[in-house]
Amino acid sequence: MSPLLDRPPFGPRDDEALRREMAALTHFHRRACPPYAELTKGLGKPRRLEDVPFVHVGLFKQMELRSEHASVRHQRVLKSSATTSGTSSRIPLDDESSRRQARSVVAILSDFIGAEPRPLLVLDDPRSLRDGGELPARVAAALSLKAMASDLRFVLPPARPVRWDAVKAALEKSGDVLVYGLTGILWAGWAAAAIPADVRGRLAKARVTFVHSGGWKTLEAPPVTRAAFEAALLAGTGKGSQVLDYYGLVEQVGIVYPLCRADARHVPVWADVIVRDPLTLEPRRGQEGQLQLMNPLPLGAPYHSVLTEDVGVRLPDGCPCGRAGRRFQLRGRIPQAEIRGCANG
């Protein structure tokens, strides 16, 4: 278990400790995954975080990188959506990495929405869980919240409206509920839906915390602003209700970057974001560029450092919202990159 996980997620950073962990993990994957060793051949031990080798996210669509070691027990394969190319990323999951990743997500999100258990309503189809070999990324994102839930209900069967009876049952059990869905699904299935009168009556007295990620591309025609999206979700909910947007990649499972009220995305102390020039790949400071994301959590495959197709800019450390540490803004995607639906601000 990474010792950095014992620290508050948005406290003082120790980049040297993270560098040592990333260097050790890079060495581990070079021994355990021959294709990764070949990809990083000739690269020495990273002396700075900027020197940690990265794998482009597109490679996970072309081949299944897997680290084989006696300490690694592989489980299912996490499968991303294939929005444009028709080809999904495939990320092997293993027992120990899954434990680390679950702990990471809970620590990060708890800082924003609290850690108290409450019913979790997932706008998705539970039948996605029945495939023992593969797990869709959107379902994995929902299940990452399971440790924060007193109970979990999938409330969106395929091609049918939200099961408002299940929503009502959860609200009868607790006046404080958590709702998760991809951004586009949450808009179509909840914010823009006709909610039955008896459910609206319950919602008016409840504290509802909406958590969403990805899917902004589906709200561009006609366009839906973030402000309109959040207002529609919160309309008719009770005191203390809120909406939390986070950014994350299937190729960086376990690390999420929540958006605070100061319009900044926050980086936990056990992760880092490097901004690179899209042409030279040299690190940039205070300028917009291509994002490299890294963390010391995965053992089953070398996705600990990936170069994304997303564009952003690092902001000065520290934030008006009161959180310490690294933060950045997401600006979009590099030209002609595949539309993934998760990096539109």
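Side chains of Ile274 and Phe54 form no contact here, defined as non-hydrogen atoms less than 4.5 Å apart. Side chains of Leu249 and Tyr303 form no contact here, defined as non-hydrogen atoms less than 4.5 Å apart. Under the 4.5 Å side-chain criterion, counting only non-hydrogen atoms from C-beta, Leu39 is in contact with Leu59. Residues Ile195 and Val162 have side chains not in contact (no heavy-atom distance under 4.5 Å, counting atoms from C-beta outward). Contact check for Tyr246 versus Val105: no side-chain heavy atoms found under the 4.5 Å cut-off. The shortest side-chain heavy-atom distance between Ser104 and Leu5 falls under the 4.5 Å cut-off. With a 4.5 Å cut-off on side-chain heavy atoms, Asp14 and Val269 do not count as touching. Here the side chains of Ser305 and Thr26 are not in contact, with every heavy-atom distance at 4.5 Å or above.
Checking side-chain atoms of Thr225 against main-chain N and O of Ala228 turns up a donor-acceptor pair under 3.5 Å. Under the 3.5 Å distance criterion, the side-chain polar atoms of Arg153 are left unmatched by any main-chain donor or acceptor of Val167. Here the side chain of Ser144 pairs a donor or acceptor atom with the backbone of Ala141 at under 3.5 angstrom. Side chain of Gln290 to backbone of Thr308: a donor-acceptor contact under 3.5 angstrom is found. Within the 3.5 Å criterion, the main-chain N or O of Leu234 finds no donor-acceptor partner in the side chain of Ser241. A distance-only check finds a donor-acceptor pair linking the side chain of Arg314 to the backbone of Val273 [under 3.5 Å]. A donor-acceptor pair under 3.5 Å links the side-chain atoms of Thr40 to the main chain of Tyr36, judged by distance alone. Of the possible donor and acceptor atoms, one in the side chain of Arg118 sits under 3.5 Å from a partner among the backbone N and O of Glu116. Side-chain atoms of Thr183 come within 3.5 Å of backbone atoms of Gly214 as a donor-acceptor pair (strictly under, hydrogens ignored). Not one N or O on the side chain of His266 forms a donor-acceptor pair closer than 3.5 Å with the backbone of Pro9.
Between Asp94 and Arg66 there is no salt bridge, since no side-chain nitrogen of the basic residue lies less than 4.0 Å from a carboxylate oxygen of the acidic one. Salt-bridge check for Arg48 with Asp15: failed, with every basic side-chain N at 4.0 Å or more from each acidic carboxylate O. Between Arg13 and Asp272 there is a salt bridge, with a side-chain nitrogen of the basic residue lying less than 4.0 Å from a carboxylate oxygen of the acidic one. The pair Arg327-Asp317 does not count as a salt bridge, with every side-chain nitrogen at least 4.0 angstrom from each carboxylate oxygen.
Under the 4.5 Å side-chain heavy-atom criterion for grouping Ile, Leu, Val, Met, Phe, Trp and Tyr, Val256 is connected to Phe328 within one hydrophobic cluster. If you chain together hydrophobic residues whose side chains sit under 4.5 Å apart, Leu143 and Leu156 fall into the same group. Note on Val77 and Val72: separate hydrophobic clusters, where clusters join Ile, Leu, Val, Met, Phe, Trp and Tyr whose side-chain heavy atoms are under 4.5 Å apart, directly or indirectly. Linking ILVMFWY side-chain heavy atoms closer than 4.5 Å, directly or via other members, places Leu25 and Ile255 in two distinct hydrophobic clusters. Put simply, Tyr247 and Val275 are part of the same group of oily side chains (I, L, V, M, F, W, Y) that touch within less than 4.5 Å, one to the next.
Listed by chain and residue number, Cys260, Cys319, Pro320 satisfy the side chain to side chain contact (heavy atoms under 4.5 Å, CB included) test with Ala262 (two or more places apart in sequence, or in another chain). Annotation: ring pair (Phe, Tyr, Trp, His ring centres under 6.0 Å) contacts of Trp187 (sequence neighbours excluded): none.
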- Message: Run the side chain to side chain contact (heavy atoms under 4.5 Å, CB included) test on Tyr257 and Val267 for me, step by step, so that the C-alpha distance in whole Å, both residues' side-chain angles and the decisive distance to 0.1 Å come before the verdict.
- Response: CA-CA 6 Å; Tyr257 304 94; Val267 184; 4.0 Å; yes

- Show the numbers, then the answer: is there a side chain to side chain contact (heavy atoms under 4.5 Å, CB included) between Val55 and Phe60? CA-CA 9 Å; Val55 174; Phe60 292 96; 3.8 Å; yes

- Apply side chain to side chain contact (heavy atoms under 4.5 Å, CB included) to the pair Leu4 and Glu21, showing each step before the final yes or no. CA-CA 9 Å; Leu4 291 174; Glu21 289 200 39; 3.4 Å; yes

- Message: The test is ring pair (Phe, Tyr, Trp, His ring centres under 6.0 Å); show your working for Phe28 and His304 and say whether it passes.
- Response: CA-CA 11 Å; Phe28 172 85; His304 57 298; 9.4 Å; no

- Test side chain to side chain contact (heavy atoms under 4.5 Å, CB included) applied to Val211 and Phe112, step by step: CA-CA 10 Å; Val211 179; Phe112 281 78; over 6 Å; no

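Shortest non-hydrogen contact noted between Val155 and Leu121 is CG1-CD2, 4.1 Å. Between Trp164 and Ala194, the shortest heavy-atom distance links the atoms NE1-O, 4.0 Å. Between Gly254 and Ile108, the shortest heavy-atom contact is O-CD1, 4.4 Å. Shortest non-hydrogen contact noted between Phe210 and Leu233 is CE1-O, 3.4 Å. What you find for Val199 and Lys168 is that their closest heavy atoms are CG2-CB, 4.1 Å. In terms of heavy-atom proximity, Ser213 sits nearest to Leu182 at O-CD2, 3.2 Å.
Sorted by first and then second residue, the pairs that involve residues 285-298 and meet salt bridge (charged side-chain N to carboxylate O under 4.0 Å, His left out), not counting sequence neighbours, are Glu50-Arg285, Glu288-Arg331.
Annotation: the span from Leu299 atom CG to His74 atom NE2 amounts to 9.5 Å, rounded to 0.5 Å. Residue Gln242 holds its CD atom at 10.0 Å from CD of Glu230, rounded to the nearest 0.5 Å. With values rounded to the nearest 0.5 angstrom, Leu315 atom CG is found 11.5 Å from Arg265 atom CZ.
Between the side chains of Gln75 and Ser98, at least one donor N or O lies within less than 3.5 Å of an accepting N or O.
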